[in-house]
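Taking it in order: structure first as structure tokens, then the write-up.
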Amino acid sequence: MIVTVTLNPSMDSIYFTDTFTLGEMNRCSNPIKAVGGKGINAGRTAAILGGNVTTMGVLAGLNGESIRTALEQEPFQTIFLPIAGESRNAVTVMDRKKNQTEIVELGPEITAETAKKIIDQVIDFSLEQKKRPIIALCGSANTKNERLYHDYLQQLNEQLGSNIKVLTDISGKQLRNALKSPVKPYFIKPNIHEFAELLKASITTKNEVIKQLNHPILQGIPFILVSCGGDGAIAKYQEQIFDITLPMIDVINPTGSGDATVGGVAFALDQGFSIEETLRYAMACGMSNALEQAVGYVSIENVALLKNNIIIREVSEMFHV
């Protein structure tokens with residue numbers, strides 16, 4: 001069982017055009033529309049792979065009702081609280097040179113009362129299951145509480161036990177504050193730019209990532225995956241470090257690839273796969289998403305093909321610091 005939490009779902013519109021020029025009229029074909037939000041995208045990926053997935057979160061206003069209706073067609077269960085405000089829209093424009101422009105609304109505010117209702121619902125649902133689920137806390141939240149995910153990690157640990165696997169796909173102050181908690185997430189997945197921001201360091205290469213994996217703020221996190229774009233990724237699992245190299249693909253739309261990667265991790269952990277197979281699923285899902293026009297979608301056939309062409313090399317101890 002996998003539970004994903006999305007505090008800021010969106011109605012995504014993806015436009016593809018030959019050119020996009022600021023300050024001018026830009027004509028595009030009709031957009032591809034789909035429900036988005038990091039946890040929803042991750043949950044969709046895990047469900048397509050065959051996982052038993054429930055997505056949870058909040059929906060607001062008329063846009064929220066449209067999202068709720070669209071979610072009825074998804075391959076997972078949904079539990080979303082209605083709240084005040086209006087769920088956000090997110091617009092992506094991709095031109096033929098693969099330039100990507102995004103306009104993303106702020107979304108409804110997550111008040112302290114709403115935040116409590118959500119985590120209580122996650123905990124109650126998890127306690128009802130025969131086996132504790134993998135829980136993925138994903139994405140931004142329009143909240144004044146910069147320690148929201150820090151608080152969630154502590155509450156999940158207190159109510160569900162220290163063995164619960166909580167995956168986080170968050171960034172900025174929320175991630176930094178979460179990692180200051182005595183209760184660490186089981187998994188984090190910053191990209192290389194977010195990793196540099198987190199550590200307040202200049203990091204542009206895989207070797208620089210490796211050298212920072214023993215940074216004090218990262219201590220106690222069992223599983224770290226730092227995505228490095230076309231260069232692949234660096235992963236640390238317990239005391240093992242892996243350098244991951246990806247095959248070349250013809251990218252169509254990379255939006256949501258990180259979310260799909262998290263979905264692949266959640267599915268593989270839930271299935272009890274080895275760390276090497278987990279990394280293969282994670283990266284193959286991210287790549288499969290990039291081969292789709294829609295966001296947060298993967299093809300089982302592409303995942304199976306891609307994961308067998310991913311090279312995973314354990315890094316020698318001589319690189320450890």
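Just so you know, these numbers come straight off a predicted model, no measurement behind them.
Other residues, nucleotides and ligands place no more than 12 heavy atoms under 6.0 Å from the CZ atom of Arg147. Within a 6.0 Å sphere centred on NZ of Lys98, heavy atoms belonging to other residues, nucleotides or ligands number more than 12. The 12-atom threshold is exceeded at CG of Asn99, counting heavy atoms of other residues, nucleotides or ligands nearer than 6.0 Å. Within a 6.0 Å sphere centred on CD of Glu113, heavy atoms belonging to other residues, nucleotides or ligands number 12 at most.
In summary, the side chains of Asn214 and Lys236 do present a donor paired with an acceptor at a separation below 3.5 Å, with no hydrogens or angles considered. Between the side chains of Ser257 and Asn289, at least one donor N or O lies within less than 3.5 Å of an accepting N or O. Judged purely by distance below 3.5 Å, without hydrogens or angles, the side chains of Glu109 and Thr111 never pair a donor atom with an acceptor atom. Checking Thr255 against Gln100 by side-chain atom types alone, a donor-acceptor pair falls below 3.5 Å. For the residue pair Thr69 / Ser66, no side-chain donor-acceptor distance below 3.5 Å is found, with atom types taken as modelled.
A donor-acceptor pair is defined here as one N or O able to donate and one able to accept, closer than 3.5 Å; no such pair exists between the side chain of Glu74 and the backbone of Ala47. Between the side chain of Asn8 and the backbone N or O of Leu106, at least one donor-acceptor pair lies under 3.5 Å. Judged by distance alone, with hydrogens and angles left aside, the side-chain atoms of Glu208 form a donor-acceptor pair with the main-chain N or O of Thr205 at under 3.5 Å. Distance alone, capped at 3.5 Å, is enough to place a donor-acceptor pair between the Asn177 side chain and the Glu146 backbone. A donor-acceptor pair under 3.5 Å is formed between the side chain of Ser87 and the backbone N or O of Ala60. In terms of modelled atom types and a separation under 3.5 Å, the side chain of Ser274 and the main chain of Glu277 share a donor-acceptor contact. Judged by distance alone, the side chain of Thr45 and the main-chain N or O of Asn41 form a donor-acceptor pair under 3.5 Å. Here the side chain of Asn26 pairs a donor or acceptor atom with the backbone of Thr21 at under 3.5 angstrom. Of the possible donor and acceptor atoms, none in the side chain of Asn302 sits under 3.5 Å from a partner among the backbone N and O of Val298. With hydrogens and angles disregarded, no donor-acceptor distance shorter than 3.5 Å links the side chain of Thr168 to the backbone of Ile170.
No single ILVMFWY cluster, assembled from side-chain heavy atoms under 4.5 Å apart, contains both Ile221 and Ile275. Cluster membership check: Val265 shares its hydrophobic cluster with Ile134, using side-chain heavy-atom separations under 4.5 Å among Ile, Leu, Val, Met, Phe, Trp and Tyr. Placement of Phe16 and Ile103 in two distinct hydrophobic clusters is found when ILVMFWY residues are connected by side-chain heavy-atom separations under 4.5 Å, directly or transitively. Ile164 and Phe267 fall into different hydrophobic clusters, where Ile, Leu, Val, Met, Phe, Trp and Tyr side chains are chained together by heavy-atom contacts under 4.5 Å. Taken together through direct or relayed side-chain contacts under 4.5 Å among Ile, Leu, Val, Met, Phe, Trp and Tyr, Ile188 and Ile2 form parts of separate hydrophobic clusters.
One finds no salt bridge joining Lys189 and Glu194 here, because no Lys/Arg side-chain nitrogen approaches an Asp/Glu carboxylate oxygen to under 4.0 Å. A salt bridge links Lys206 with Asp243: at least one charged nitrogen is closer than 4.0 Å to a carboxylate oxygen.
Smallest separation of non-hydrogen atoms from Tyr281 and Gly264: CB-O, 4.1 Å.
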Let me see the working for Ile241 and Leu213 under side-chain contact (heavy atoms from CB on, under 4.5 Å), right down to the final yes or no.
CA-CA 9 Å; Ile241 296 177; Leu213 286 174; 3.9 Å; yes
Pair Asn253, Val295 - check side-chain contact (heavy atoms from CB on, under 4.5 Å), show working.
CA-CA 8 Å; Asn253 181 10; Val295 173; 3.8 Å; yes
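Relative to the ring axis of Tyr297, Arg44 places its NZ or CZ within 45° and under 6.0 Å from the centre.
Residue Met283 is tested with Thr278, Leu225, Ile312, Leu306 for a side chain to side chain contact (heavy atoms under 4.5 Å, CB included); the sole match is Leu225.
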